[in-house]
Amino acid sequence: MQFEKLLAKFNVKGINYEPSLGGKGLLSQDEQLAIVGLAWKESPVGFLVLFVECLQDKSALKKLYQATLIEANTLMETWRGPYPDKALQALVYTAIAEATQQFGQVCPECHGSGKYIAKNRSRRTCPCCDGGRIGWTQETRFAYFCQTLPVTFSRFKKYESILGKLVKRLVDKRSAAALALQGRYEQEESMAKVLEAEA
């Protein structure tokens, strides 16, 4: 179940459907779904980021793309000079990639292992990444951006301030969603314990 994976991602303890000591689990599956539903209102965009990051949810990615595109259009209203529609797409794709892969992209050379096998069959540390991930730097953002809109580095630097704002917004919304989920779960769990003690 997808919500279980999402709850487990944030180390929420006590997810147990099995009866314990002859009773029932502290929070039922329906109650846990309700927790996610209630927390959703506090940061819907943040939950979309979490669904894309944790579950690779394609429908959430489409919704997140639309929401981020609206924000990119708003930020570009003060932009001086022309820009193509592909610039907006590149900004949105790059911002979503960075927000959902905060530790960096999986290294395409070692496939995330951080090691490679040399010609003499010995295992060596991959020279391209740090532990299997390629962190986000100005150069990696530029490379990702250019997959959608190939531009010069000097032109990319003009878009970079907008990109930074988009990434910050998505990461802030993601954090808000995670905190809302954690807080709501703890609140419901404490209420369940009180009700269980009274019974």
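Sequence positions, counted from 1, serve as the residue numbers for this chain.
Under the 4.5 Å side-chain criterion, counting only non-hydrogen atoms from C-beta, Leu149 is in contact with Pro84. Between Lys158 and Arg155, some side-chain heavy-atom pair lies under the 4.5 Å cut-off. The side-chain heavy atoms of Tyr144 and Thr140, taken from C-beta on, include no pair separated by under 4.5 Å. For the pair Lys173/Arg169, a side-chain contact is recorded, criterion being any heavy-atom separation below 4.5 Å from C-beta on. Using a 4.5 Å cut-off on side-chain heavy atoms (C-beta onward), Glu160 and Gln138 make contact. Using a 4.5 Å heavy-atom threshold, the side chains of Phe51 and Ser59 count as separate. Within the 4.5 Å cutoff, the side chain of Cys110 has no heavy atoms near those of the Cys128 side chain. Trp136 is not listed as a side-chain neighbour of Gln102, based on a closest heavy-atom distance of 4.5 Å or more.
Between the Arg133 side chain and the Gly104 main chain, a donor and an acceptor come within less than 3.5 Å of each other. Under the 3.5 Å distance criterion, the side-chain polar atoms of Thr100 are matched with a main-chain donor or acceptor of Ile96.
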Under the side-chain contact (heavy atoms from CB on, under 4.5 Å) criterion, do Arg174 and Phe47 qualify, and how do the steps go? CA-CA 6 Å; Arg174 178 198 179 281; Phe47 274 98; over 6 Å; no
CA sep, side-chain torsions, deciding dist, call: Ser113, Cys126, side-chain contact (heavy atoms from CB on, under 4.5 Å): CA-CA 8 Å; Ser113 69; Cys126 180; over 6 Å; no
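The CG atom of Leu64 sits 11.0 Å away from the CD atom of Glu53 when rounded to the nearest 0.5 Å. With rounding to the nearest 0.5 angstrom, the OG1 atom of Thr94 is 13.5 Å from the CD1 atom of Ile162. Once rounded to the nearest 0.5 Å, the distance linking OG1 of Thr152 with NZ of Lys157 reads 10.0 Å.
Linking ILVMFWY residues whenever their side-chain heavy atoms come closer than 4.5 Å, directly or via other members, places Phe153 and Tyr83 in the same cluster. Hydrophobic clustering of Ile, Leu, Val, Met, Phe, Trp and Tyr side chains at less than 4.5 Å, counting indirect connections, keeps Ile134 apart from Leu163. Put simply, Leu91 and Trp79 are part of the same group of oily side chains (I, L, V, M, F, W, Y) that touch within less than 4.5 Å, one to the next. Hydrophobic clustering (side-chain heavy atoms under 4.5 Å, transitive across Ile, Leu, Val, Met, Phe, Trp, Tyr) keeps Phe103 apart from Val106. When hydrophobic clusters are built by joining Ile, Leu, Val, Met, Phe, Trp and Tyr residues whose side-chain heavy atoms come closer than 4.5 Å, directly or via intermediates, Met76 is grouped together with Leu69.
Ala95 approaches Val167 most closely through the heavy-atom pair CA-CG2, 3.7 Å. In this structure, Leu50 and Ala177 approach most closely via the heavy-atom pair CD1-CB, 3.8 Å. Nearest heavy-atom pair, Ala72 versus Val92, reported as atom, atom and distance to 0.1 Å: CB-CG2, 4.0 Å. When all heavy atoms of Thr125 and Lys115 are compared, the closest pair comes out as OG1-NZ, 3.6 Å.
Between Val49 and the options Leu170, Thr68, Asp172, a side-chain contact (heavy atoms from CB on, under 4.5 Å) holds for only Leu170.
Within a 6.0 Å radius of CG in Asn73, more than 12 heavy atoms belonging to other residues, nucleotides or ligands are found.
Not a single side-chain hydrogen bond (donor to acceptor under 3.5 Å, both in side chains) links Gln105 to another residue, sequence neighbours left out.
Aromatic pair Phe145/Tyr159: centroids less than 6.0 angstrom apart.
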